[in-house]
Amino acid sequence: MNKIFNIAVPFLAIILGIVAMVAGIVQFANRDKYDTTVIATVVEVREEWENAATEDDVDRLVKTAYIEYDVNGVKYGPVLAPVQKDSYEVGDKMEIRYQSENPEKISDPNVAETAAIFIGLGLIATLAGAFLAFKAIKAK
C-alpha cells in the first residue's frame, strides 16, 4: 500500500500541475479577447453546507453568487459570477470583463493575474511531484 502511495501521489501532483499550467497558459493567451468591462449585479446567492473533509476540519457554509449584466440593451444571466466571495449579497455590484464578439463569455477583471496564479501553482505542483517521484525512485 505504501509503495502505491509513493508512486500515486507524485504522479497525481505532476498531472494536476500540468493541467493547472495549461489552463493558466490558455487563459493568459486568451486574455485579450476579454476586451470590455461592465458592471454586473448579484441577483442570487445560494448557500450550501459543505461537509468537513477531515476530522480536523469543520463543516462550513459556502455561498455561490450569480450575476446579471446588460450589454447594448441585452440582459445576460443569471450566470455564475467569475469571482466568488462569501460576503456577496443580492444587489451587490461587481466589475466583470466580457468578449465584445461574444458577450456571454465573461471573466474576472484580473484575468492575467488569475492566469499567472494558475501557472505558478501548476509549476509548484509539478516540481513537487517530480521531486517526490525522484525521491521514491532513488529509495528503491
Measure the spacing between [atom1] of [X] and [atom2] of [Y] and express it to the nearest 0.5 Å.
X    : Y    : atom1 : atom2 : value
D86  : T64  : CG    : OG1   : 8.5 Å
I39  : K93  : CD1   : NZ    : 8.5 Å
D32  : R97  : CG    : CZ    : 9.0 Å
I7   : L12  : CD1   : CG    : 13.5 Å
L132 : I137 : CG    : CD1   : 11.0 Å
D35  : Q99  : CG    : CD    : 7.5 Å

Give every residue pair that meets the salt bridge (Lys or Arg N to Asp or Glu O under 4.0 Å) criterion with at least one member in residues 41-54, sequence neighbours excluded. E44-R46, E47-K63, E50-R60
Nearest non-hydrogen partners of [X] and [Y], listed with the distance:
X    : Y   : result
I106 : Y98 : CG2-CB, 4.1 Å
G129 : A13 : CA-CB, 3.8 Å
A133 : P10 : N-CB, 3.5 Å
N72  : D70 : N-OD1, 3.9 Å
G122 : A20 : CA-CB, 3.7 Å
A115 : G24 : CB-O, 3.3 Å

In terms of hydrophobic clusters joined by side-chain contacts under 4.5 Å, are [X] and [Y] together?
X    : Y   : result
V62  : V90 : no
V83  : Y76 : yes
V42  : Y66 : no
L121 : V22 : no
L123 : L16 : no

How would you list all residue pairs meeting side-chain hydrogen bond (donor to acceptor under 3.5 Å, both in side chains) that involve residues 104-127, not counting sequence neighbours?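 Sorted pair list: D108-T114.
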Should the heavy atoms of other residues, nucleotides or ligands under 6.0 Å from CZ of F118 be counted, would the total exceed 12?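 No, CZ of F118 has 12 or fewer neighbouring heavy atoms, counting only those of other groups under 6.0 Å.
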Quick check against the 3.5 Å criterion: does D92 have a side-chain atom that pairs as donor or acceptor with the backbone of E89?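 Indeed, once roles are kept as given, a pair shorter than 3.5 Å links the two residues.
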Got I119 and I25 here, is their nearest side-chain heavy-atom distance under 4.5 Å?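 Yes - at least one pair of side-chain heavy atoms lies under 4.5 Å apart.
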According to the ring pair (Phe, Tyr, Trp, His ring centres under 6.0 Å) rule, which pairs have a member within residues 14-49, sequence neighbours left out? none
Side chain to side chain contact (heavy atoms under 4.5 Å, CB included) partner of I67, chosen from L80, I96, V43, T41: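 The option that passes is I96.
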